[in-house]
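Count residues from 1 along the sequence. When a ligand or atom number is given, it counts from 1 through the structure's own listing order.
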Amino acid sequence: MKRIYNNINLVNRNSFGVVESAATLVEFDTVDDLREYFADQQPRQWYVLGAGNNTLFTKFYDGVLIVPKSAERTILCDDGESVDIRVEAAHDWDELVAWSVEQGLWGIENLSAIPSSVGAAPVQNIGAYGAEAKDAITVVEYFDTRTMEVVRLNNEECRFAYRESIFKQELKGVAIILAVELRLCRTPRPNLGYGDVIKEVESRGGATLSNIRDAICAIRSSKLPDPKVLGNAGSFFKNPIVEREVAKRLLERYADMPHYPVAGDDTKVKLAAGWLIDRSGLKGYRQGAVGVHERQALVLVNYGGATGGDVIALAEYVCGEVKRCFGVEISPEVNIL
Ligand code: EPU
């Protein structure tokens with residue numbers, strides 16, 4: 001079944017809580033619904049809207065928002081050690097993590113409490129606390145709007161990288177993700193190397209799945225605003241990747257600047273956008289209805305009644321200040337429509 005809505009208000013469909021609307025929104029259950037819709041309507045402009053946690057609407061969207069509604073979870077194979085599961089796009093990501101923790105399955109516990117649908121997870125390869133969705137994803141299944149066929153990509157074919165995948169590149173405007181397959185495992189493999197994770201896990205009695213989940217949830221909620229209370233889309237900016245020379249020059253001046261290696265490329269260094277924004281003096285900075293969050297400078301928040309344009313104006317100001325102070329370009333992680 002599919003349901004079509006015209007002239008739809010989006011305020012409850014984006015975690016920023018900005019007041020914008022769209023010409024059309026189509027919710028679909030099956031791939032046949034999609035096939036039928038694309039064959040009949042041939043929409044010239046469309047965008048997949050998951051739970052709306054990483055999208056900023058800046059104006060009336062004069063196209064079709066495609067919203068997956070199927071959320072089934074199936075165990076494909078269980079050999080006593082690895083368990084392969086298939087999860088449809090509309091399934092809530094954190095409910096999947098909670099389920100895996102209850103089942104004693106390792107692999108995605110560090111990705112607890114990330115506001116996302118399962119279908120959105122591979123697009124920007126969601127990541128936190130030393131883990132990324134790509135570490136568990138084996139297959140992504142999508143509907144190709146050019147050929148009207150269902151296509152399956154394996155992990156390598158998805159070309160995952162930091163906040164990147166083929167779905168943000170060649171398959172942007174082509175693929176509608178239907179389901180994701182993941183491989184979890186029963187052998188404990190705690191990944192506690194990031195920041196305060198080990199301390200928080202030990203204070204809860206050691207590295208069990210539920211202690212890790214609880215620790216990550218506690219760390220996140222101490223730093224990141226709850227979108228139900230204060231509109232936001234998590235990190236607004238990506239951590240910038242710069243040439244090693246640039247990082248070296250900055251480190252001579254700012255010895256405490258956080259910096260991380262880039263997997264597979266030792267000519268580059270990843271910096272922390274949150275630190276750069278904070279040290280530009282902008283943590284807690286407010287501009288009318290929007291601001292830089294007071295506990296995590298990576299996050300822009302809507303204090304109520306902001307438009308997408310207000311958020312963009314603030315984002316541009318923040319980028320300009322970081323460039324002026326450090327000479328480093330930062331760019332949005334959020335999809336801007
Ligand atoms: N920092 C500051 N001030 C700030 C924020 C950060 O000085 O206001 C410093 C921290 O002290 C730390 C460094 O910057 O030394 C990095 O900060 P943090 O550990 O908080 O992580 P992050 O790089 O700011 C990334 C992800 C988050 C994820 C955390 C934890 C990106 C863009 N963000 O943030 O992801 O939860 O790591 O792994 O990669 C998201 O994508 O929405 C998100 C929240």
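Remark: Ile216 CD1 to Asn191 CG distance equals 8.0 Å, nearest 0.5 Å. Between the CD1 atom of Ile126 and the CD atom of Glu132 there is a distance of 10.0 Å, given to the nearest 0.5 Å. With values rounded to the nearest 0.5 angstrom, Phe38 atom CZ is found 4.0 Å from Ile66 atom CD1.
Counting heavy atoms under 4.0 Å from ligand 1, residue Ala128 touches it through both backbone and side chain. With a 4.0 Å cut-off on non-hydrogen atoms, Phe236 does not touch ligand 1 at all.
Near Asn239, the atoms of ligand 1 lying under 4.0 angstrom from a non-hydrogen atom of the residue are 23 (O), 31 (C), 32 (C), 39 (O). Each of the following atoms of ligand 1 lies closer than 4.0 Å to a heavy atom of Glu333: 32 (C), 41 (O), 42 (O). Using a 4.0 Å cut-off to heavy atoms of Lys223, the atoms of ligand 1 that qualify are 20 (O). Here is the list of ligand 1 atoms found below 4.0 Å of a heavy atom in Lys283: 3 (N), 4 (C), 8 (O). Residue contact check: Trp275 has heavy atoms under 4.0 Å from atoms 1 (N), 2 (C), 6 (C), 7 (O), 9 (C), 14 (O) of ligand 1. Numbered from 1 in the order shown, with element, the atoms of ligand 1 that lie under 4.0 Å from a heavy atom of Ala272 read 13 (C), 14 (O), 16 (C). The distance from ligand 1 to the heavy atoms of Gly234 drops below 4.0 Å at these ligand atoms: 42 (O).
Checking only distances, Arg295 never comes within under 3.5 Å of ligand 1, N or O to N or O. Residue Ala297 places at least one N or O, backbone or side chain, under 3.5 Å from an N or O of ligand 1.
Heavy atoms of Arg279 come nearer than 4.0 angstrom to ligand 1 in no pair at all. Heavy atoms of Arg220 come nearer than 4.0 angstrom to ligand 1 in at least one pair. In this structure, Arg163 has a heavy atom closer than 4.0 Å to ligand 1.
Of the possible donor and acceptor atoms, one in the side chain of Ser15 sits under 3.5 Å from a partner among the backbone N and O of Asn232. A donor-acceptor pair under 3.5 Å links the side-chain atoms of Arg244 to the main chain of Asp266, judged by distance alone.
In this structure Tyr194 satisfies the ring-ring contact (aromatic ring centres under 6.0 Å, His included) test together with Tyr129, sequence neighbours excluded.
For atom 3 (N) of ligand 1, the nearest non-hydrogen atom of the protein is Asp278 OD2, 2.8 Å. From the protein, the heavy atom lying nearest to atom 38 (O) of ligand 1 is Tyr129 N, 2.6 Å. Among all protein heavy atoms, the one lying closest to atom 24 (O) of ligand 1 is Leu298 CD1, 3.0 Å. Counting only heavy atoms of the protein, atom 40 (C) of ligand 1 lies nearest to Ser235 OG, 3.1 Å. Looking from atom 5 (C) of ligand 1 to the surrounding protein, the closest heavy atom is Gln296 OE1, 2.9 Å. Nearest protein heavy-atom contact of atom 10 (C) of ligand 1 is Pro258 CG, 4.9 Å.
At a distance under 4.0 Å, a protein heavy atom can be found next to atom 42 (O) of ligand 1.
For the pair Lys2 and Val26, the tightest heavy-atom approach, listed with the atom from each and the gap, is CB-CG1, 4.3 Å.
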- Show your working on side-chain contact (heavy atoms from CB on, under 4.5 Å) between Leu230 and Tyr303 and close with a plain yes or no. CA-CA 6 Å; Leu230 199 57; Tyr303 286 105; 3.8 Å; yes
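Counting only non-hydrogen atoms, the option in Phe237, Tyr260, Tyr162, Tyr194 that gets closest to atom 13 (C) of ligand 1 is Tyr260.
With 3.5 Å as the limit, one finds no donor-acceptor pair spanning the side chains of Ser100 and Glu109.
The same ILVMFWY cluster, assembled from side-chain heavy atoms under 4.5 Å apart, contains both Phe160 and Leu153.
Both tests do not hold together for Arg279 against Phe326: distance to the six-membered ring centre under 6.0 Å, angle to the ring axis within 45°.
Exactly one of Thr208, Asp94, Asn110 qualifies for a side-chain hydrogen bond (donor to acceptor under 3.5 Å, both in side chains) with Arg213. That residue is Asp94.
The local environment of CD in Glu81 is crowded, with over 12 non-hydrogen atoms from other residues, nucleotides or ligands closer than 6.0 Å.
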